Asks: 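First the structure, then my questions, so here it is.
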Amino acid sequence: MTGDQIIIFDTTLRDGEQSPGCSMNTNEKLKVANALVELGVDVIEAGFPIASPGDFEAVQMIASQFSDRSTICALARSRDDDIQKAKEALASAEKPRIHVFLATSAIHREHKLKMDKQQIIDRAVHSVRDAKEFCDDIEFSPEDAARTELDFLCEVVEKTIDAGATTVNIPDTVGYATPSHYFKVISYLKQHVSNIDRSIISSHCHNDLGMAVANSLSAIEAGARQVECTINGLGERAGNAALEELVMAIRTRADYYGVHTKINTERLFPTSQLVSSITGMKVQRNKAIVGQNAFAHEAGIHQHGMLQERSTYEIMRPEDVGYSGRNLVLGKHSGRHAFRDRTKELGFDLDDAAVQKAFDDFIVLADKKKEVYDSDIIALIDNRLADAPERWKLVSFHTSAGSSAIPTATLELKCEEQPVLCDAATGDGPIDAVFRAMERIIELTARLEEFNVRSVSEGKDAQGEVRVTINVHGRHYMGKSVSTDIIEAAARAYLQALNKADAERKGISEQPADEVAADSP
Ligand code: KIV
Ligand code: ZN
């Protein structure tokens with residue numbers, strides 16, 4: 001292995017989850033955490049426990065299930081109650097880390113915090129000491145560090161290291177830095193902070209100017225030994241540095257950077273697919289490392305070169321990132337063993353019963369579709385694992401529509417042991433009619449805020465995935481489903497969201513839909 005090891009700090013479940021439309025429920029977060037552990041990330045930032053009971057629960061469960069394999073980190077503002085919640089959420093972790101942050105730039109001091117420099121230092125030192133009473137592994141982030149006066153930044157970093165910070169993270173919160181600027185910031189800290197050797201310097205770059213990965217690599221060149229990143233570059237606004245790009249740049253250019261990571265790179269593509277399927281955030285086709293076109297050579301001259309010698313046009317092998325071409329997987333005659341192996345390769349850890357259910361769905365799908373891809377399998381499993389409380393079940397639906405017909409839907413739903421209920425409605429299209437009929441039966445009115453359809457794989461017979469977000473009395477509920485029939489997928493997705501709203505109305509839900517703390521990072 002070349003040189004120092006770079007610590008990979010993944011924040012898909014915290015900063016990534018802050019991406020608009022990317023919120024995940026606890027079950028989904030556990031699936032992502034499992035994939036991150038298999039990928040070999042060193043630190044998983046599991047959430048921001050004070051933000052909501054759902055965030056708290058997710059950090060707690062990830063800490064109890066995965067902290068023997070990765071360090072589990074919880075975020076806290078520089079406030080006693082935040083730090084207390086982080087401690088509680090991490091109570092069962094074998095390797096806990098508390099990540100405390102407080103903004104330091106003049107803009108944030110004056111306009112957001114209304115605090116002077118000394119107050120910032122006092123508060124930061126107090127919080128690091130408080131967190132330190134719980135565990136040794138403490139990270140401190142001077143938020144908006146890239147726009148903070150360098151001398152003040154040095155002072156904050158020195159004092160928080162003295163107070164016990166073992167990692168100092170230098171966030172480019174608004175994606176303002178450039179590679180040479182960020183290099184200078186990290187170098188300045190190395191030269192001017194007297195105790196800097198007692199702490200690991202970390203980078204945390206946002207992608208507003210498209211430079212998050214380049215800036216993080218510059219930080220490594222300047223001496224940072226931790227990089228904070230997310231799968232597929234998810235994150236606030238334009239996102240964070242993409243984990244897969246950083247890891248493959250470090251590996252492919254080990255000759256230049258002279259460092260290495262512990263990442264199992266063959267898990268990069270499957271993890272990317274899993275996160276994309278769970279969040280609904282599609283990976284752009286030409287995205288580096290994990291895009292569908294990342295290894296496709298179209299030009300004849302390239303193809304010719306590749307046939308002679310791969311290295312003429314290929315700097316990484318697709319198999320090194322776990323990319324297996326078009327992912328044409330199994331046919332309907334493939335056995336259960338082959339199916340189970342493929343689900344493992346795709347990052348799922350299913351028990352026998354779950355494999356059997358997914359396999360049953362796969363056989364039905366393979367009957368309808370000629371070709372079944374990895375993305376189809378991920379969608380099927382996801383569908384099964386969706387943890388919505390299912391009081392109402394879809395028994396049947398019928399729609400009629402056409403250029404000269406009034407779109408109409410007839411629907412049968414069943415609620416627990418009660419008799420099947422039937423109703424019909426018209427709408428401005430067959431899907432609208434289905435939604436209206438459903439609301440009449442369940443006696444719940446919702447506002448549809450988002451409706452997304454995407455093709456899970458290729459071809460006219462592809463499965464369609466529908467994701468909906470509804471608003472019921474100001475609360476948001478998400479539902480998603482897949483089917484080769486998009487009206488059915490839409491019906492099931494809408495029913496899933498209504499079931500969540502109905503469960504909360506009846507007070508039987510374990511997890512509130514969407515509470516977001518004010519002043520969150
Ligand atoms: O971007 C940022 O400043 C953050 C901090 C909480 C580290 O996400
Ligand atoms: Zn951030």
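What you are looking at is a predicted structure, and each value in this text was computed from that prediction instead of being measured. When reading the values below, keep in mind they use all heavy atoms of this one structure, side chains included, and skip hydrogens, waters and symmetry mates. Atoms within a ligand are numbered from 1 in the order they appear, just like the ligands themselves.
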Asks: For Glu143 and ligand 1, does the shortest N/O to N/O distance drop below 3.5 Å?
Replies: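 No.
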Asks: Of the backbone and side-chain N, O or S atoms of Glu228, does one lie nearer to the Zn ion (ligand 2) than 2.8 Å?
Replies: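 No N, O or S atom of Glu228 is closer than 2.8 Å to the Zn ion (ligand 2), so no.
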Asks: Under 3.5 Å, N or O to N or O, is Arg14 touching ligand 1 that way?
Replies: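 So ligand 1 has an N or O lying under 3.5 Å from an N or O of Arg14.
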Asks: So, are Arg198 and Asp162 salt-bridged, with charged N and O less than 4.0 Å apart?
Replies: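 Yes, charged N to carboxylate O under 4.0 Å.
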Asks: How are the rings of His192 and Tyr188 set to each other: parallel, tilted or perpendicular (split at 30° and 60°)?
Replies: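 Rings of His192 and Tyr188: parallel, as their planes differ by under 30°.
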Asks: Give, rounded to 10 degrees, the angle between NE2 (His206) and NE2 (His204) as seen from the Zn ion (ligand 2).
Replies: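 An angle of 100° at the metal.
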Asks: Output the list of atoms in ligand 1 that are nearer than 4.0 Å to some heavy atom of Thr173, sorted by atom number.
Replies: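 Those qualifying, in numeric order: 1 (O), 2 (C), 3 (O).
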Asks: Tell me which N, O or S atom of Asp15 sits nearest to the Zn ion (ligand 2).
Replies: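 Looking only at N, O and S atoms of Asp15, the one nearest the Zn ion (ligand 2) is named OD2.
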Asks: Would His99 count as a contact of ligand 1 if the rule is a heavy atom under 4.0 Å away?
Replies: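 Yes, His99 has a heavy atom closer than 4.0 Å to ligand 1.
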Asks: Looking at every non-hydrogen atom in both residues, tell me the closest pair between Tyr494 and Leu448 and how far apart they are.
Replies: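 Tyr494 and Leu448 have their closest heavy atoms at CE1-CD1, 4.0 Å.
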Asks: Is there any N or O on His206 that sits under 3.5 Å from an N or O of ligand 1?
Replies: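 Looking only at distances, the answer is yes, because the N/O contact criterion of under 3.5 Å is met.
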Asks: Is a donor on one side and an acceptor on the other found under 3.5 Å between the side chain of Ser202 and the backbone of Asn169?
Replies: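 A pair under 3.5 Å: no.
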Asks: Does Asp15 approach ligand 1 within less than 4.0 angstrom via side chain, backbone, both or neither, non-hydrogen atoms only?
Replies: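 Near ligand 1, Asp15 shows its side chain, while the N, CA, C and O stay back.
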Asks: Do the side-chain N and O atoms of Asn232 and Ser272 include a donor-acceptor pair separated by under 3.5 angstrom?
Replies: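 Yes - a donor-acceptor pair under 3.5 Å links their side chains.
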Asks: Side-chain contact test, heavy atoms from C-beta onward, threshold under 4.5 Å: evaluate it for Arg69 versus Glu38 and give yes or no.
Replies: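 Heavy-atom side-chain distance check passes, below 4.5 Å.
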Asks: Under a 4.0 Å threshold between the charged nitrogen and the carboxylate oxygen, would Glu17 count as salt-bridged to Lys29?
Replies: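 A salt bridge is present here (some side-chain N lies under 4.0 Å from a carboxylate O).
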